[in-house]
Amino acid sequence: MSSTDHDAPVLVLNAGSSSLKYQVLVPETARVLAGGTVERIGEDGSGVEDHAAGMRRVTAELGDAGVDLGRTGLRAVGHRVVHGGPDFSDPVVVDDAVVRDIRDLVPLAPLHNPGALEGIEAARATFDVPQVAVFDTAFFASLPPEAATYAIPREVSAEHRLRRYGFHGTSHRYVSRAVADLLGRPLESFTQVVLHLGNGCSASAVDGGVAVDTSMGLTPLQGLVMGTRSGDVDPAVFTFLHEQAQMSVAEIDTMLNKRSGLKGLAGVNDFREVLARADGGDQDARLALDVYVHRLRHYIGAYAAVLGGLDVLTFTAGVGENSAPLRARVVETLGRLGLAVDPERNEAPSREARVISPDGSAVTVTVVPTNEELEIARQTVALLDRSA
Ligand code: AMP
């Protein structure tokens, strides 16, 4: 089966340390044949002892959904890999050397790359089709040195591969291109800020389709306020809490990643719940929202300056796509930067990509549903077609 057989599907896998999210789809038409998540891999009593068993569960679930991968002629497997390090700036066909290289990046992404590797190994053992790794950091390989470089001694950065890598790149890439389609404008012709607001949150500055800045850094902890992650804090928080509160580095790391953000401020990490509590008068939830919105405005302004002017602001992911009140609040005080939303457009219930600013606004504000699986499937077949 050739990668140019345009009816044949691609299996997209997003493997975590204890989960295996999958979707079978046809990249050219975006038709989804099936999808799901195998959870609690490796946990006692789950019946799924490892990723190989997880993969057997995937094929069984696909069978139950009426998808016979043998008969549909699976074209390829596309793997989401969180960290591509300094060298992977494009998707690659997986072979033993690539597996070694991804393993070599585990110190940079100890929570994410091991799961991806397990998923890759299990899929290679199961499906005799080309496997492609698509990296979440790749879209940000284009960051100029002034945006990617931390102002710490050069030899330390070089030895430990420390830089701003950025994450959610597959989403930022997909969404920034979809905006060009939506507006009917060449991608090269405008600047934009993309706000990916889900459980994890990140902003990017994109100039003519090329990423020039992003809020996540060496790890996905930096930047915006997230569900459970703090985003930006003074890095001296580590020293302070270590010395003054006798917390270990691991405890501080867990606190900043798992007990901070909306959860740390409001007690809950689900954005809908924070909104509901704030509407009910809960002062903690109100402060959480204020901090969340303030940080967003901070990045929008900074990126407008980095880009030398902003043409388009785009909201995506769970919060960005669904919360009209949040979008209105973020934009409400940015009128002097040329931003506004039309209340009727903003509040219209729609699952489609759309413009929500009034006609004639200096900055076009859009809402674009992200689709990381489709982006991975497209990149997978594009690479295979190029190398055919
Ligand atoms: P994601 O990580 O993209 O799946 O986004 C998850 C986040 O989106 C959670 O914080 C949800 O509370 C939030 N979310 C989903 N639907 C809505 C909605 N209708 N209004 C506000 N937030 C939402």
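Numbering of ligands and ligand atoms starts at 1, following listing order. Along the sequence shown, residues carry numbers from 1.
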**Request:** Quick one: pull up CG in D270 and CZ in R277 and give me the separation to the nearest 0.5 Å.
**Result:** 10.0 Å

**Asked** Under a 4.5 Å side-chain heavy-atom rule over Ile, Leu, Val, Met, Phe, Trp and Tyr, are V212 and F190 clustered together?
**Response** no

**Request:** Any pair with a residue in residues 87-102 that passes side chain to side chain donor-acceptor pair (under 3.5 Å), sequence neighbours left out, goes on the list, sorted by first then second residue, please.
**Result:** D96-R124

**Request:** Answer yes or no on whether R163 is positioned over the face of Y165, meaning its NZ or CZ is under 6.0 Å from the six-membered ring centre and within 45° of the axis.
**Result:** yes

Are there any N/O pairs under 3.5 Å between ligand 1 and the protein, and if so, what are their distances?
unit_1: ligand 1; atom_1: 2 (O); unit_2: N199; atom_2: N; d: 2.9
unit_1: ligand 1; atom_1: 3 (O); unit_2: G318; atom_2: N; d: 2.9
unit_1: ligand 1; atom_1: 8 (O); unit_2: V319; atom_2: N; d: 3.3
unit_1: ligand 1; atom_1: 10 (O); unit_2: F271; atom_2: N; d: 3.0
unit_1: ligand 1; atom_1: 12 (O); unit_2: D270; atom_2: OD1; d: 2.6
unit_1: ligand 1; atom_1: 12 (O); unit_2: D270; atom_2: OD2; d: 3.3
unit_1: ligand 1; atom_1: 12 (O); unit_2: F271; atom_2: N; d: 3.1
unit_1: ligand 1; atom_1: 12 (O); unit_2: R272; atom_2: N; d: 3.3
unit_1: ligand 1; atom_1: 12 (O); unit_2: R272; atom_2: NE; d: 3.4

**Asked** CD1/I152 to CG/L162 distance, rounded to the nearest 0.5 angstrom?
**Response** 5.0 Å

**Message:** Using side-chain contact (heavy atoms from CB on, under 4.5 Å), reason through S204 and F140 one step at a time and then give a plain yes or no.
**Reply:** CA-CA 9 Å; S204 67; F140 300 116; 3.8 Å; yes

